[in-house]
Engineer: 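Let me give you the structure first, and then I'll get to my questions.
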Amino acid sequence: MDVQRLKSLLEAVRQGEVTVEGAVERLRRLPFEDLGFAKVDHHRGLRQGTPEVVFAPGKTRAQIVAIAGRLAAAGEAVVITRLAAADAVAIRRRIRGLRYSDAGRVAWLSRRRREPPLGRLLVVSAGTSDIPVAEEAAITAECAGCAVDRLFDVGVSGIHRLLENHEQLDRAHVIVVVAGMEGALPSVVGGLVSQPVIAVPTSIGYGASFGGLAALLAMLNTCAAGVTVVNIDNGFGAAMAAVRLLHQLGRAG
């Protein structure tokens with residue numbers, strides 16, 4: 001349930017197209033639906049503007065199907081992150097229209113395209129190895145109604161690859177920068193642009209990168225003012241931070 005569907009339901013009641021009892025039945029599962037092992041938050045779209053997202057690790061295939069199925073049955077968008085390819089194949093047989101990205105390990109079912117888009121997000125990756133996290137961010141943002149551009153493999157080992165794409169940097173409203181190794185790319189981007197920059201450290205790197213900790217600390221210590229940092233490999237979190245920024249920019253506009 002989101003604001004637009006709630007308004008449509010209330011308008012249908014006012015026009016006599018839906019009975020009061022019918023409206024109550026549709027609203028009965030608000031604010032959540034208790035499945036025993038999970039409480040599906042149908043109210044999140046009203047509170048935050050985006051529906052609940054399913055984090056797959058630690059859940060059985062049956063649990064993922066049940067949660068995603070209830071979201072789909074309620075007419076909400078479905079996004080499942082960190083979903084294994086084998087599970088995606090099985091789940092797509094159960095939920096018609098579900099799409100899957102091998103690169104981003106994300107499955108999704110979008111109900112409608114937002115027009116106009118919430119805003120323009122640019123997702124930048126330092127290396128090809130960082131693309132899974134970058135794609136998680138890009139797909140999550142697209143499902144939330146953003147127009148998303150991608151700029152991959154433009155890390156500091158060949159900084160000219162980034163500088164040649166200044167037009168893409170300039171037209172974005174928010175930029176998500178994904179980098180492993182020493183995590184320097186967000187500092188470079190943050191020093192070039194005026195837009196909000198959200199940095200995502202990845203676990204890509206050799207031994208002394210400590211699974212992304214070196215990149216995380218480098219990003220936290222950036223000298224580029226105003227760069228925000230999320231957790232290691234958290235493309236989803238970066239996307240949702242960008243979505244919230246874009247929601248507020250839209251209100252201010």
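Everything numeric here is computed off the predicted structure, so don't read it as measured data. Count residues from 1 along the sequence.
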Engineer: Is Arg92 reaching over with its side chain to a backbone N or O of Leu98, donor-acceptor style, under 3.5 angstrom?
Structural biologist: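 Pair found, side chain donor or acceptor close to backbone of Leu98.
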Engineer: Is there a side-chain contact between Val227 and Met219 in this structure, where contact means two heavy atoms from C-beta onward sitting under 4.5 Å apart?
Structural biologist: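 Of all side-chain heavy-atom pairs linking Met219 with Val227, none is under 4.5 Å.
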Engineer: Please evaluate residues Ile198 and Leu245 with respect to the criterion side-chain contact (heavy atoms from CB on, under 4.5 Å), reporting the C-alpha separation (whole Å), side-chain torsions for both, the decisive distance (0.1 Å), and the verdict.
Structural biologist: CA-CA 11 Å; Ile198 302 170; Leu245 279 170; 4.2 Å; yes
Engineer: Measure the spacing between NE2 of His173 and CG of Leu246 and express it to the nearest 0.5 Å.
Structural biologist: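 Those atoms lie 7.5 Å apart.
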Engineer: Can Leu162 and Leu151 be said to form a side-chain contact (heavy atoms from CB on, under 4.5 Å), step by step?
Structural biologist: CA-CA 8 Å; Leu162 174 70; Leu151 182 57; 4.2 Å; yes
Engineer: Quick one: do Val148 and Leu118 end up in the same hydrophobic cluster if we chain Ile, Leu, Val, Met, Phe, Trp and Tyr together by side-chain heavy atoms under 4.5 Å apart?
Structural biologist: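 Yes; tracing contacts between hydrophobic side chains, which count when under 4.5 Å, links both residues.
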Engineer: For Ser209, enumerate each residue passing the side chain to side chain donor-acceptor pair (under 3.5 Å) test, keeping only those at least two apart in sequence or located in another chain.
Structural biologist: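 With neighbours one apart ignored, the set is empty.
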Engineer: Closest approach of Asn234 and Gly237, non-hydrogen atoms and distance?
Structural biologist: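 Distance-wise, the nearest heavy atoms are OD1-N, 2.8 Å.
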Engineer: If you take all heavy atoms of Val243 and Cys146, which pair is closest and at what distance?
Structural biologist: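 In this case the closest contact between Val243 and Cys146 is CG2-SG, 3.9 Å.
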Engineer: Can you name the closest pair of heavy atoms from Ile139 and Trp108 and give their distance?
Structural biologist: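 Heavy atoms of Ile139 and Trp108 come nearest at CG2-CE3, 3.7 Å.
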Engineer: Working to the nearest 0.5 angstrom, can you tell me the gap between Arg161 CZ and Asp153 CG?
Structural biologist: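 Going from CZ on Arg161 over to CG on Asp153, the span is 4.5 Å.
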Engineer: If I compare all heavy atoms of Asp130 with all of Ser125, which pair ends up nearest, and what's the gap?
Structural biologist: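 What the structure gives for the nearest pair is CB-CB, 4.2 Å.
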Engineer: Taking distance alone, no hydrogens or angles, what donor-acceptor pairs closer than 3.5 Å link side-chain atoms of residues 179-196 to residues at least two apart or in another chain?
Structural biologist:
| unit_1 | atom_1 | unit_2 | atom_2 | d |
| --- | --- | --- | --- | --- |
| Ser187 | OG | Thr222 | OG1 | 2.6 |
| Gln195 | NE2 | Leu169 | O | 2.7 |
| Gln195 | NE2 | Asp170 | O | 3.3 |
| Gln195 | NE2 | Ala172 | O | 2.8 |

Engineer: How about CZ on Arg150, more than 12 heavy atoms from neighbouring residues, nucleotides or ligands closer than 6.0 Å, or not?
Structural biologist: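 Yes.
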Engineer: Same cluster for Leu122 and Val197 if Ile/Leu/Val/Met/Phe/Trp/Tyr side chains link at under 4.5 Å?
Structural biologist: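 Yes, one cluster joins them.
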Engineer: Answer yes if Phe210 and Ile232 sit in the same cluster of Ile, Leu, Val, Met, Phe, Trp and Tyr residues linked by side chain heavy atoms under 4.5 Å apart, and no otherwise.
Structural biologist: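 Same cluster.
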Engineer: According to a hydrophobic-cluster definition based on side-chain heavy atoms being under 4.5 Å apart (Ile, Leu, Val, Met, Phe, Trp, Tyr only), do Ile91 and Tyr100 belong together?
Structural biologist: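 In one cluster with Ile91: Tyr100, yes.
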Engineer: How far does CZ of Arg61 sit from CG of Asp87, to the nearest 0.5 angstrom?
Structural biologist: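 Result: 4.5 Å between the selected atoms.
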Engineer: Got more than 12 heavy atoms from elsewhere within 6.0 Å of CZ, Arg99?
Structural biologist: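 No, CZ of Arg99 has 12 or fewer neighbouring heavy atoms, counting only those of other groups under 6.0 Å.
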Engineer: Do Val177 and Val229 share a hydrophobic cluster (ILVMFWY, side-chain heavy atoms under 4.5 Å, transitive)?
Structural biologist: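 Looking at the clustering, Val229 is in a separate group from Val177.
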Engineer: Is any side-chain heavy atom of Ile80 less than 4.5 Å from a side-chain heavy atom of Ile64?
Structural biologist: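 Side-chain contact under 4.5 Å: yes.
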Engineer: Do Glu135 and Arg105 touch side chain to side chain, with heavy atoms closer than 4.5 Å?
Structural biologist: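 Result no, sub-4.5 Å side-chain heavy-atom pair not found.
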Engineer: With the side chain counted from C-beta on, respond yes when Arg244 and Val174 share a heavy-atom pair under 4.5 Å apart, and no when they do not.
Structural biologist: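 Answer no - side chains too far apart.
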Engineer: Give a yes or no on whether the backbone of Asp149 and the side-chain of Arg120 come within a donor-acceptor separation of less than 3.5 Å.
Structural biologist: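 Here the side-chain-to-backbone pair does not exist.
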Engineer: Please evaluate residues Val54 and Leu71 with respect to the criterion side-chain contact (heavy atoms from CB on, under 4.5 Å), reporting the C-alpha separation (whole Å), side-chain torsions for both, the decisive distance (0.1 Å), and the verdict.
Structural biologist: CA-CA 10 Å; Val54 183; Leu71 290 169; 4.0 Å; yes
Engineer: Heavy atoms only: give me the nearest Gly69-Ile95 pair and the separation to one decimal.
Structural biologist: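 Closest approach of Gly69 to Ile95: N-CD1, 3.9 Å.
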Engineer: Tell me whether Glu167 at atom CD has more than 12 heavy atoms from other residues, nucleotides or ligands lying less than 6.0 Å away.
Structural biologist: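 Open.
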Engineer: Working to the nearest 0.5 Å, report the span between OG1 of Thr202 and CG of Leu216.
Structural biologist: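 These two atoms lie 11.0 Å from each other.
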Engineer: At their closest point, which heavy atom of Gly235 faces which heavy atom of Val200, and how far apart are they?
Structural biologist: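 Shortest heavy-atom contact: N-CG1, 4.1 Å.
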